[in-house]
S.K.: 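This is the structure I want to talk about, given as structure tokens.
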Amino acid sequence: MRQYQRFPLTMNHPSFQPGTISDDNAVGRGGNAPPGRAVMFPPVVVNNEDQEAYYQSRGYVSPNTEAGEAAFVRNQAAPVPPGYTGPRQYPRWENGRVVQDPNAAAADNTWPMYVVPPGKERDQGVIVKGPAEYADVMGRPYAPACPEAEENLPTDELAEFRAWKAAREAEKAATMAEADERGALIALARERNVKIDKRWSVERLRETVAASA
């Protein structure tokens with residue numbers, strides 16, 4: 001927040017009179033307008049206390065600086081207008097990733113869903129747009145494919161789901177094991193001062209490190 005500064009300050013004189021311009025055309029062609037008049041005691045801008053004191057000695061008046069400071073602070077930290085909900089904060093970037101509103105309701109991305117009715121081939125499936133259509137097509141209520149709802153799946157789908165889940169777990173375990181072995185081989189190569197490339201496959205790293213023993 002910016003800080004209030006008293007100077008520069010505009011001072012006014014109580015005897016201020018604006019200037020006027022003599023314009024013969026204002027009174028008609030060939031007229032003789034009254035002479036013009038210079039401005040009297042125009043406002044002045046002072047930049048420090050010495051200049052302010054000088055113009056005060058000439059009758060100039062300083063504005064109420066306390067009220068000015070209060071107005072400045074009020075302008076910088078104005079109260080929130082009634083009904084204002086603030087700018088849209090989410091989604092937004094934080095530390096290189098998109099962050100969603102933590103207070104927002106979770107989005108339901110389940111629908112539409114491609115399903116295969118009982119007794120149909122996989123390429124004979126249809127798209128349903130909600131639980132009601134799912135129940136009409138599948139002949140049973142919708143239940144998410146998760147461990148808590150496994151008992152709601154028919155026998156054939158239950159076996160397929162469990163096989164898929166086991167394959168995912170095995171793939172995850174294999175990936176983690178490979179990452180652990182890669183890290184151990186790289187550390188061992190560094191310890192033995194063996195020149196390698198971290199982009200090599202695990203098999204090549206294993207052979208290179210073994211050859212250096």
Side-chain angles (χ1 to χ4, degrees), residues 1-3 76-81 83-213:
M1 180 182 296
R2 294 186 300 137
Q3 299 296 322
Q76 294 295 303
V80 177
Y84 179 72
T85 58
R88 183 178 179 183
Q89 299 287 342
Y90 297 92
R92 66 186 184 191
W93 282 96
E94 289 185 5
N95 299 324
R97 63 188 184 91
V98 177
V99 178
Q100 302 294 338
D101 186 353
N103 298 318
D108 185 5
N109 298 320
T110 305
W111 316 102
M113 178 190 295
Y114 182 83
V115 298
V116 180
K120 300 290 186 179
E121 299 294 333
R122 187 167 295 276
D123 60 352
Q124 296 177 323
V126 295
I127 295 178
V128 295
K129 298 180 180 180
E133 289 188 20
Y134 183 95
D136 291 340
V137 173
M138 302 299 291
R140 58 183 175 82
Y142 168 73
C146 62
E148 293 77 9
E150 288 185 12
E151 65 275 7
N152 296 325
L153 296 174
T155 303
D156 55 343
E157 290 190 20
L158 177 60
E160 182 179 354
F161 170 71
R162 287 180 174 173
W164 170 84
K165 184 170 67 171
R168 285 287 302 274
E169 294 295 334
E171 181 181 354
K172 181 178 178 180
T175 301
M176 293 180 63
E178 181 177 342
D180 292 341
E181 183 180 3
R182 175 183 293 276
L185 290 171
I186 292 174
L188 185 58
R190 185 182 300 111
E191 179 182 343
R192 296 180 180 179
N193 294 324
V194 178
K195 186 176 180 180
I196 61 169
D197 190 328
K198 294 182 180 180
R199 295 172 296 180
W200 287 353
S201 64
V202 174
E203 291 77 8
R204 185 173 180 182
L205 286 171
R206 190 185 304 120
E207 293 175 357
T208 304
V209 173
S212 65

S.K.: Give me the atom names and distance for the closest heavy-atom approach of Val202 to Leu185.
M.R.: O-CD1, 3.9 Å
S.K.: Taking side chain to side chain contact (heavy atoms under 4.5 Å, CB included) as the test, write out the residues that go with Arg92, two or more places apart.
M.R.: Gln89, Tyr90, Glu94
S.K.: Tell me, which pairs form a salt bridge (charged side-chain N to carboxylate O under 4.0 Å, His left out) where one or both residues lie in residues 171-186, sequence neighbours left out?
M.R.: Glu181-Arg206
S.K.: In chain order, what residues pass the side chain to side chain contact (heavy atoms under 4.5 Å, CB included) check against Pro112, with sequence neighbours excluded?
M.R.: Ile127
S.K.: Can you list everything that forms a side chain to side chain contact (heavy atoms under 4.5 Å, CB included) with Lys198? Sequence neighbours excluded, please.
M.R.: Ile186, Arg190
S.K.: With a 4.5 Å limit on heavy-atom distance, are the side chains of Tyr142 and Val128 in contact?
M.R.: no
S.K.: Show which side-chain atoms of residues 113-121 pair as donor or acceptor with protein atoms under 3.5 Å away, not counting sequence neighbours.
M.R.:
unit_1, atom_1, unit_2, atom_2, d
Tyr114, OH, Arg122, O, 2.8
Tyr114, OH, Gly125, N, 3.0

S.K.: Given side chain to side chain contact (heavy atoms under 4.5 Å, CB included), test Val98 with Trp93 step by step and report yes or no.
M.R.: CA-CA 5 Å; Val98 177; Trp93 282 96; 3.8 Å; yes
S.K.: Holding to side chain to side chain contact (heavy atoms under 4.5 Å, CB included), I want the full list of residues that pass it with Asp197, two or more places apart in sequence or in another chain.
M.R.: Arg199, Trp200
S.K.: Examine distances only and state if a side-chain atom of Thr208 and a backbone atom of Leu205 form a donor-acceptor pair shorter than 3.5 Å.
M.R.: no
